[in-house]
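Heads up: the structure comes next, in structure tokens.
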Amino acid sequence: MSRTVSIGPLKVGGKNPVRIKGMLKGRMDDWPALRREAKRLEREGAEAIRIAVKHKKDSAIAGYIKKRVRVPLVADIHFQHRLALQAIEQGFDGIRLNPLNITGAAQVREVARAAKQNGVSIRVGVNSGGFRQGTGGEGRLARQMVAAVSRYIKLLEKEHFFDIMVSLKASTVPATVKANRLFRDTFQYPLHLGVTASGPFLEGVVKSSLGIGMLLAEGIGEVIRVSLTGPSFWEIRVAKSILQSLGRRHFYPEIISCPTCSRCQVNLVRIVDRFRNEVNRLQSQGVSFPKKIALMGCEVNGPGEAAQAEVGVAFGKGRGVIFRKNKIIGTIPETAHARDILSKMGVL
């Protein structure tokens with residue numbers, strides 16, 4: 001089990017659930033838009049939000065966003081350690097330092113002292129892009145990443161600073177997994193997992209799901225941040241889906257639906273899309289749902305899957321049979337509205 005570390009009021013590691021972190025993507029010259037983005041991420045389920053602090057004036061955004069958002073904020077710092085000191089002054093709850101571009105021991109010690117005095121955690125974060133890969137492949141890269149982090153941790157520990165988290169992110173799944181496994185063999189500081197520079201949306205979802213999911217399945221990882229070339233709210237949605245798929249946390253009713261084939265005689269894709277949208281809408285209004293709902297398209301696996309879920313529908317030609325706790329309780333036409341299906345299921 002890892003140590004327990006705090007990002008402001010948020011407890012990370014130990015027996016706490018795996019946490020979800022987001023990052024703002026808007027322009028730093030439009031603070032109202034950034035505050036709206038932060039509020040959206042909070043609604044989606046982000047439990048901490050990272051903000052890139054590039055200039056001295058940027059750090060003041062912490063107080064501005066905290067007027068509307070309750071989740072802790074982390075300042076992403078590169079190159080200039082004084083930006084970290086200013087971010088701590090301005091009320092950020094956590095600092096990310098890059099040991100590949102803030103390297104002076106005196107600078108690191110100064111940030112550690114300020115962080116300790118103000119109850120601010122530090123994440124030591126390295127990305128594969130900070131290294132020039134030569135021979136040796138992904139194994140060598142993983143070892144380089146862990147070595148860079150290890151040196152930094154020793155500097156922080158010399159200042160009796162232990163409120164530390166670590167991230168080791170590569171743009172490939174194997175290097176990311178190797179680096180995090182290697183780190184966990186030696187240290188018990190909480191790990192912030194992610195695959196960096198993961199590519200366009202679909203590739204990014206696949207890489208993130210594999211890299212993060214493989215490590216979580218081994219019991220490695222205390223925070224996740226999905227990185228996608230796309231809107232920031234999608235990163236939170238994918239992170240929640242990863243955690244729920246692994247049974248680590250539960251956020252929304254799971255919809256079990258088949259991929260369809262030539263046996264399917266209804267437009268299941270449309271039925272499932274409309275059903276998911278209606279469930280999302282009603283859940284946002286506080287409606288409670290069973291943990292698992294099945295929507296199946298034919299008689300092969302449909303009745304079994306529908307019966308094994310808490311509630312479900314197995315569709316045939318033009319209509320569906322509704323199951324609840326392994327019993328048939330009625331039928332519904334293919335054209336029924338999603339709300340009518342939910343009502344027939346006894347959910348509404």
Side-chain angles (χ1 to χ4, degrees), residues 21-25 28 50-55 58 74-85 87 92 94-112 115 121-157 161 164-187 189-200 203-204 207-208 210-212 215 220-229 235:
K21 186 180 285 186
M23 186 166 185
L24 299 188
K25 301 191 177 191
M28 283 301 293
R50 183 158 47 116
I51 305 172
V53 174
K54 189 176 180 181
H55 303 290
D58 295 341
V74 177
D76 193 49
I77 307 296
H78 296 267
F79 302 111
Q80 301 179 54
H81 84 288
R82 294 201 175 279
L83 291 176
L85 300 175
F92 274 92
I95 300 293
R96 180 272 177 102
L97 295 180
N98 187 339
L100 303 180
N101 58 42
I102 298 178
T103 57
Q107 297 174 342
V108 177
R109 288 196 294 268
E110 189 177 1
V111 174
S121 61
I122 294 176
R123 173 164 66 93
V124 180
V126 296
N127 289 355
S128 59
F131 298 91
R132 294 191 179 276
Q133 281 184 266
T135 58
E138 289 168 333
R140 179 171 180 268
L141 174 60
R143 291 190 295 273
Q144 286 179 312
M145 294 169 71
V146 173
V149 164
S150 300
R151 289 192 294 270
Y152 228 64
I153 288 175
K154 289 177 182 177
L155 287 174
L156 294 172
E157 289 178 339
F161 186 88
I164 301 167
M165 280 167 276
V166 169
S167 64
L168 304 118
K169 301 181 183 181
S171 58
T172 69
V173 171
T176 299
V177 171
K178 287 176 189 290
N180 282 276
R181 284 174 176 164
L182 185 59
F183 178 85
R184 181 55 82 226
D185 286 343
T186 305
F187 297 98
Y189 289 111
L191 276 164
H192 162 125
L193 303 181
V195 178
T196 190
S198 59
E203 291 94 322
K207 282 185 179 181
S208 296
L210 284 171
I212 294 171
L215 289 165
I220 298 172
E222 287 71 37
V223 180
I224 66 173
R225 190 266 166 131
V226 172
S227 300
L228 302 175
T229 306
E235 298 177 343

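Computed from a prediction, not measured in an experiment: that's the story for all the values here.
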Taking only Lys NZ, Arg NE, NH1 and NH2, and the carboxylate oxygens of Asp or Glu, determine whether Arg184 and Glu222 approach each other closer than 4.0 Å. yes

Begin from the C-alpha positions of Met165 and Arg96 and carry the test side chain to side chain contact (heavy atoms under 4.5 Å, CB included) through to its verdict. CA-CA 9 Å; Met165 280 167 276; Arg96 180 272 177 102; over 6 Å; no

Is it true that a side-chain atom of Glu235 and a backbone atom of Leu228 form a donor plus acceptor pair closer than 3.5 Å? yes

Give a yes or no on whether the backbone of Ala197 and the side-chain of Ser227 come within a donor-acceptor separation of less than 3.5 Å. no

Do you know the tightest heavy-atom contact between Glu138 and Pro174? OE1-CB, 3.2 Å

Scanning both residues in full, the closest heavy-atom pair of Phe161 with Ala115 reads CE1-CB, 3.7 Å

Can you name the nearest heavy-atom pair linking Ala105 to Leu155, along with the distance? CB-CD2, 3.8 Å

Does Tyr189 form a side chain to side chain contact (heavy atoms under 4.5 Å, CB included) with Ile153? I'd like the steps, not just the answer. CA-CA 10 Å; Tyr189 289 111; Ile153 288 175; 3.7 Å; yes

Taking every heavy atom of Lys207 against every heavy atom of Val195, the minimum-distance pair comes out as O-CG2, 3.6 Å

List the steps, then state whether side chain to side chain contact (heavy atoms under 4.5 Å, CB included) holds for Phe92 with Val53. CA-CA 11 Å; Phe92 274 92; Val53 174; 4.0 Å; yes

Taking all heavy atoms of Asn127 and all of Thr196, pick out the closest pair and write down the distance. ND2-OG1, 3.6 Å

Set out, in order, the CA-CA distance, both residues' side-chain angles and the distance that settles side chain to side chain contact (heavy atoms under 4.5 Å, CB included) for Lys169 and Arg225, then state yes or no. CA-CA 10 Å; Lys169 301 181 183 181; Arg225 190 266 166 131; 4.3 Å; yes

Taking C-beta and beyond as the side chain, do Ile212 and Thr176 meet within less than 4.5 Å on heavy atoms? no

